[in-house]
Amino acid sequence: FFLPKGEWIDEEGTVYQGQEQIKEVLKTYFEKFPGAKMTLDVESVRVVGPVAIEEGTRTMTGGKAGGTATIRYIAVYAKGEGGWR
């Protein structure tokens with residue numbers, strides 16, 4: 001899903017760079033909290049040239065405290081040969 005040089009900034013401001021680092025942090029999280037689920041509520045998508053900007057809320061359930069956390073997010077996608085990533 002993430003580009004090889006993609007970047008993910010979590011709600012605490014920690015920056016994860018590169019596809020492998022992002023995959024590893026997500027894998028570790030879901031291994032630590034096996035019942036956790038993540039859902040996205042997309043509110044808008046704007047296409048600006050070769051990129052698309054998506055905004056919405058991300059909801060995590062069953063995570064660190066066993067409860068629910070809803071966090072705003074912005075995702076930027078780039079269109080390449082394999083489609084939008």
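Please read these numbers as outputs of a predicted model, since none were measured by experiment. For the numbers below, each heavy atom of this structure counts, side chains included, while hydrogens, waters and symmetry mates do not.
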Worksheet item: Is Glu11 salt-bridged to Arg72, cutoff N-O under 4.0 Å?
Response: no

Worksheet item: Between Thr28 (side chain) and Glu24 (backbone), is there a donor-acceptor pair under 3.5 Å?
Response: yes

Worksheet item: Please walk me through it: do Asp41 and Tyr73 pass side-chain contact (heavy atoms from CB on, under 4.5 Å)?
Response: CA-CA 10 Å; Asp41 179 21; Tyr73 78 91; over 6 Å; no

Worksheet item: Can you check whether Tyr77 and Trp84 have ring centres sitting under 6.0 Å from each other?
Response: no

Response to the item:
The salt bridge (Lys or Arg N to Asp or Glu O under 4.0 Å) partners of Lys27 (sequence neighbours excluded) come to Glu31

Worksheet entry | Contacts of Thr70 that satisfy side chain to side chain contact (heavy atoms under 4.5 Å, CB included) - sequence neighbours left out | Thr57, Thr59, Thr68

Measure the spacing between [atom1] of [X] and [atom2] of [Y] and express it to the nearest 0.5 Å.
| X | Y | atom1 | atom2 | answer |
| --- | --- | --- | --- | --- |
| Glu55 | Ile74 | CD | CD1 | 4.5 Å |
| Gln17 | Ile22 | CD | CD1 | 8.5 Å |
| Trp8 | Lys23 | CH2 | NZ | 14.0 Å |

Discussion item. Tell me the closest heavy-atom pair linking Tyr29 and Met60, and the distance in Å.
Written reply: CE2-CE, 3.3 Å

Discussion item. Could you report the tightest heavy-atom contact between Val45 and Ala52, atom names first, then the distance?
Written reply: CG1-CB, 4.2 Å

Fill in: Apart from Val15 itself, residues in the same hydrophobic cluster as defined by side-chain heavy atoms under 4.5 Å
Ile9

